[in-house]
Number of protein chains: 2
Amino acid sequence: MPTHQEQEQPRRRQARGERRIAQLLEAAASVFASTGYASASTNAIAREAGVSPGTLYQFFPNKEAIAIELGQRLMADMRTAYGEALAPIDPATPLEQAVAAAVDRFIDFNCHNPVFFTLMHGPDVPGRMAEEHDALHNTLITRVEDLLSPLLPDRPAVAVTRIAHVCMALYMAGLELILASEGDDREAYVQELKDVLFRYLDPLVGDRLRDAQAASASTAPMTATTATPTTAG
Amino acid sequence: MPTHQEQEQPRRRQARGERRIAQLLEAAASVFASTGYASASTNAIAREAGVSPGTLYQFFPNKEAIAIELGQRLMADMRTAYGEALAPIDPATPLEQAVAAAVDRFIDFNCHNPVFFTLMHGPDVPGRMAEEHDALHNTLITRVEDLLSPLLPDRPAVAVTRIAHVCMALYMAGLELILASEGDDREAYVQELKDVLFRYLDPLVGDRLRDAQAASASTAPMTATTATPTTAG
DNA sequence: GACAAACACGAGTCGTCGCTCGCATTCTGA
DNA sequence: TCAGAATGCGAGCGACGACTCGTGTTTGTC
C-alpha cells in the first residue's frame, strides 16, 4: 500500500532527484526573473541548471508546473520566514510603525526572491498559470484584509476589500521601483513607499486607532510587542 | 530622382493605403490590449483588420514597427486632446483639485485607449520596442516633474525626480485597478487613486503652496486659470 | 487605353520552442 | 549480484508565429 497514492506520482524520488528538482527550480527562478515567464524557454532553464531538456521533463510535466511549484515554494518560504508579519496588527502599535515593519519584511523577502514579483505581476501567464497567479494574489489580499479589518471596524466588507486591493497595488508599484533601483536610491524609495501607505491609511483609520491606543493604555494590553524596529537583514 | 528621400519610404501612399494603415493600427490596438504585445500575433492583427498577412507587411516592416507607430500616435493624440492637463499647475489651484483634474483627464484617456496602458506597462517587450517604451515613460516623467517642480521649489532635482517616479508608479497602479473594474467600483477606485496621490503630495508641498496662495492673493498672479474644474467627458 | 506603381492575397519558408523518445547510466533493494 | 526503477541524455518532432514571394487586382497618370 505505501506506493499507492490515488493516481498521481507513483514515482519514488531518490535523493539525487530531489537535488535536481531544487537545482531546476533555482535555475527557473533565475531565468523567470531575468526574462519573464513567457519569454523563458524550458531549454534555457535546463541549460542554466546544467542538464538536458529531457531531464527537466523527468521532473516536471510541463513549463507551467515549474512556475506553479516555484510559486508554491515561495509562498511557503514566505509563510515560514515572515509569518509573524502576516499576523493581525496589535492595536497598540502606531500605524506608522506597523506599516513600516510590514513593508520592511516584505521588501526584504522580495529583494531576496525577485522571482516572486515576476510571478505575481507577470501579465503574460497562459492557461492554468493564471489560476495560480490569482490564488497567490488572493491569498495576499485576504491577509491584508485580515490586517486591516481590526483597524476599520465600521466599514463594510466591500470597502475593506477595496482598500486592501489599493494597498496591494501601491505595494506592488513601490516594489517595482525598489527592485529597479539600488543602494541609497532603493532605500529612499522604500521610505517613499512607507510614506505613501501610511498617509493613505492614516485618515481611514482615523481616530479609531488613537481611541484604541488611549483605551489600551488604561486596560490590559494584548500580547503586545509584536513589531520589532526594522530588523531587516 | 524626385522620389529620392534619404533611403527610407520611397513609397507614395495612396488614400487606400492610409486607410489600411489606420485600420491595421486599430486592429493592433484591439489585439495588443486583449492579449498583450508578445502574445499578439501579426496574423491575428491582420485577421482582426480583415486583411491578409502579406498586406500587413506592405505597410509595416515588422511587428515592432506596428507597436511603435501605435505608441507614437497615442502620445500625439494625448498631447492634442489633453495637452492642457500637462501644463504647469496654476499655484492658486488647491492641490486636491489639481490632482483630481489631472487624474480625471488621464483616466479618461486611458479608459478610451486601453492599449496605452498595455504598451506602457508591458514587461514583455523585446529589442527596440523597449527603447520606445522608455521614451514614452520618460516623456511622461518629465511632464510630471514640470508639474511638480513649481510646487517643490526647495527640493533638489533628484528628489523631484524621485517623487515624479513615485507619482507615475502610483498612477499606473491605480490605473490597473481602474481598468480591471467597471461601473461604481471603477469610480470608487478613481476616488481612491485621487486620495492616494493627494495625501502623498500634500505633506510634501506643505505650507509652500498655502504660502503661495496667500501671496498670490495680494501680488500679481501668474498666467492663472490654466486648470478647468473636472470637465472630463 | 496603357503603363507603372501601389495594393492585396495566402500558401509557403524558416526559425523557435515546448515537449518526446529511444537509449545509456546510476541507484535501490533483495 | 542483478533486476528493475530512477535518472540522464540530446537529437528530433510538431506546432506556431514572424515574415516572404509570386501572382493578381486596383489606382493614378499620360
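Values in this document were obtained by computation on a predicted structure and should not be read as measured data. Numbers restart at 1 for each chain; the letters A, B, ... are given by sequence-line order, proteins then strands.
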Would you say that [X] contacts [Y] through its side chain, given a criterion of any heavy-atom pair below 4.5 Å between the two side chains?
X	Y	result
B:Leu179	B:Cys111	yes
A:Val51	A:Gln58	no
A:Leu56	A:Ile66	yes

- [ ] Considering just the side-chain nitrogens and oxygens of B:Ser52, establish if one lies under 4.0 Å of OP1 or OP2 belonging to C:dA8.
- [x] no
- [ ] Apply side chain to side chain contact (heavy atoms under 4.5 Å, CB included) to the pair A:Leu204 and A:Arg155, showing each step before the final yes or no.
- [x] CA-CA 10 Å; A:Leu204 298 179; A:Arg155 305 243 173 186; 3.8 Å; yes
Task: Neighbours of DNA chain C within residues 17-26 of chain B, by heavy-atom distance under 4.0 Å - done: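 Hits under 4.0 Å, by residue number: B:Gly17, B:Arg20.
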[X] [atom1] to [N] [atom2]: how many Å, rounded?
X	N	atom1	atom2	value
B:Phe60	C:dC7	CZ	P	12 Å
B:Arg13	D:dT27	CZ	P	16 Å
A:Ile45	C:dC17	CD1	P	12 Å
B:Arg47	C:dC9	CZ	P	14 Å
A:Leu56	D:dG10	CG	P	14 Å

Task: By ring-ring contact (aromatic ring centres under 6.0 Å, His included) - contacts of A:Tyr189 (at least two apart) - done: none
Open item on the list: Take a 6.0 Å sphere around CD of A:Glu48 and say whether it holds more than 12 heavy atoms from other residues, nucleotides or ligands.
Closed with: yes
Task: A:Glu26 atom CD, neighbour heavy-atom count above 12 within 6.0 Å - done: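 No.
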Close N or O pairs between protein and nucleotides 21-28 of chain C (under 3.5 Å):
none

Task: Counterpart residues, salt bridge (charged side-chain N to carboxylate O under 4.0 Å, His left out), relative to B:Arg199 (two or more places apart) - done: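 Testing B:Arg199 for salt bridge (charged side-chain N to carboxylate O under 4.0 Å, His left out), a comparison that skips the adjacent residues, returns B:Asp195.
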Between N or O atoms, less than 3.5 Å apart, protein on one side and nucleotides 15-19 of chain D on the other: list the pairs.
{"unit_1": "D:dA18", "atom_1": "OP1", "unit_2": "B:Ala40", "atom_2": "O", "d": "3.0"}
{"unit_1": "D:dA18", "atom_1": "OP1", "unit_2": "B:Lys63", "atom_2": "NZ", "d": "3.1"}
{"unit_1": "D:dA18", "atom_1": "OP2", "unit_2": "B:Thr42", "atom_2": "N", "d": "2.6"}
{"unit_1": "D:dA18", "atom_1": "OP2", "unit_2": "B:Thr42", "atom_2": "OG1", "d": "3.1"}
{"unit_1": "D:dC19", "atom_1": "OP2", "unit_2": "B:Tyr57", "atom_2": "OH", "d": "3.0"}
{"unit_1": "D:dC19", "atom_1": "OP2", "unit_2": "B:Lys63", "atom_2": "N", "d": "2.8"}

Open item on the list: Going by side chain to side chain donor-acceptor pair (under 3.5 Å), name the residues that satisfy it together with B:Ser52, two or more places apart in sequence or in a different chain.
Closed with: B:Thr55
Open item on the list: Taking the ring of A:Tyr200 and the ring of B:Tyr200, is the distance between their centroids below 6.0 Å?
Closed with: no
Open item on the list: Can you confirm whether or not the ring centre of A:His121 sits under 6.0 Å from the ring centre of A:His137?
Closed with: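 No - the distance between ring centres of A:His121 and A:His137 does not fall below the 6.0 Å cut-off.
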